[in-house]
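Have a look at the structure below before the remarks.
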Amino acid sequence: YPLQRKSHNHEACKLLFQREGVPDIMVMDGAQSQVGKEFQKVLKDAGVQCKRTKPHTPHQNGCEGFIREIKRGVAREMVKSKAPKQLWDHCLEREALIRSHTARDDARLAGEVPETIVKGETADISALACFEWYEWVKFRDTKAGYPEDTIQLGRDLGPSIDHGPAM
């Protein structure tokens, strides 16, 4: 979840819990933003057990490899599409969605995609599969009044989250 500042991570944590549910355990590296009072209060109020990895040992946290792969995917997409650098965060969200909707060779997933495991229902990839990152698209501008054309040309930045239908 994109943040304006690292100190706002407690808000992202609340949003995670609302959208995806509350995990039993959160493994983190003990960064300054994770030991703050507000973040710890959110975890405590939700009943989340907090585990910290040892300092300077990123290999202990399984998500570090996924983060590395997401960053590589973003770099590839940004270069391939020639999208403005200011859109990197939209590309990162899309890349993370793709990874959570992609099957991997992991026995813990039992042949399912992570999104299906978390939500408990079959993951829908249609919003991710229809368009490439930063592809030209036509969309209907409902605010355009007569005689303006309601069909507009724009760029696809990925599925819409929390704003109407994903498409």
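The first residue in the sequence is number 1, and the count goes up from there. Heavy-atom basis, side chains included; hydrogens, waters and symmetry copies ignored. Keep in mind the model is a prediction, meaning the values are calculated, not measured.
Between the CZ atom in Phe39 and the CD atom in Glu11 there is a gap of 11.5 Å [rounded to 0.5 Å]. With rounding to the nearest 0.5 angstrom, the CG atom of Leu87 is 10.0 Å from the CZ atom of Arg155. Distance check: Ile117 CD1 to Glu112 CD gives 5.5 Å after rounding to the nearest 0.5 Å. Residue Ile25 holds its CD1 atom at 4.5 Å from NZ of Lys51, rounded to the nearest 0.5 Å. Taking CG of Leu97 as the start and OG1 of Thr102 as the end, the distance is 10.0 Å to the nearest 0.5 Å. Separating the OG1 atom in Thr122 from the NE2 atom in His101 is a distance of 10.5 Å, to the nearest 0.5 Å.
Judged by distance alone, with hydrogens and angles left aside, the side-chain atoms of Thr116 form a donor-acceptor pair with the main-chain N or O of Ala123 at under 3.5 Å. When atom types are taken as modelled, the side chain of Glu132 and the backbone of Ala129 share no donor-acceptor pair closer than 3.5 angstrom. Using a distance-only test at 3.5 Å, with no hydrogens or angles considered, no donor-acceptor pair links the side chain of Asp156 to the main chain of Glu135. A donor-acceptor pair under 3.5 Å links the side-chain atoms of Arg104 to the main chain of Arg99, judged by distance alone.
Between Arg72 and Glu95, none of the side-chain N atoms (NZ, or NE/NH1/NH2) sits under 4.0 Å from a carboxylate O, so this pair counts as no salt bridge. Taking the charged nitrogens against the carboxylate oxygens, Lys80 and Glu77 do have a contact shorter than 4.0 Å, which makes a salt bridge.
Phe17 is connected to Met28 through a chain of hydrophobic side-chain contacts under 4.5 Å among Ile, Leu, Val, Met, Phe, Trp and Tyr, so both are in one cluster. Side-chain heavy atoms closer than 4.5 Å link hydrophobic residues (I, L, V, M, F, W, Y) into clusters, and following such links, even through other members, never connects Val118 to Ile70. In this structure, Val27 is not a member of the same hydrophobic cluster as Leu43, with clusters built from ILVMFWY side-chain heavy atoms closer than 4.5 Å. With hydrophobic clusters built from ILVMFWY side chains whose heavy atoms lie under 4.5 angstrom apart, Val22 shares a cluster with Val42. Cluster membership check: Val113 does not share its hydrophobic cluster with Leu128, using side-chain heavy-atom separations under 4.5 Å among Ile, Leu, Val, Met, Phe, Trp and Tyr.
Gln40 and Gln34 make their closest contact through NE2-O, 2.6 Å (heavy atoms, listed as atom of the first residue, atom of the second, distance). Across Gly21 and Pro23, no two heavy atoms sit closer than the pair O-CD, 3.6 Å.
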Could you go step by step and tell me if Cys13 and Met26 meet the side-chain contact (heavy atoms from CB on, under 4.5 Å) rule?
CA-CA 11 Å; Cys13 196; Met26 284 187 77; 4.3 Å; yes
Audit row: Trp133, Leu157, side-chain contact (heavy atoms from CB on, under 4.5 Å) steps and yes/no:
CA-CA 6 Å; Trp133 163 251; Leu157 301 180; 3.6 Å; yes
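Looking at Ser100 and Glu115, their side chains come closer than 4.5 Å, going by heavy atoms from C-beta outward. With contacts defined as side-chain heavy-atom distances shorter than 4.5 Å, the pair Pro84/Tyr134 qualifies.
Crowding of Asp149 atom CG: a count of heavy atoms from other residues, nucleotides or ligands under 6.0 Å exceeding 12. More than 12 heavy atoms of other shown residues, nucleotides or ligands fall within 6.0 angstrom of atom CD1 in Ile98.
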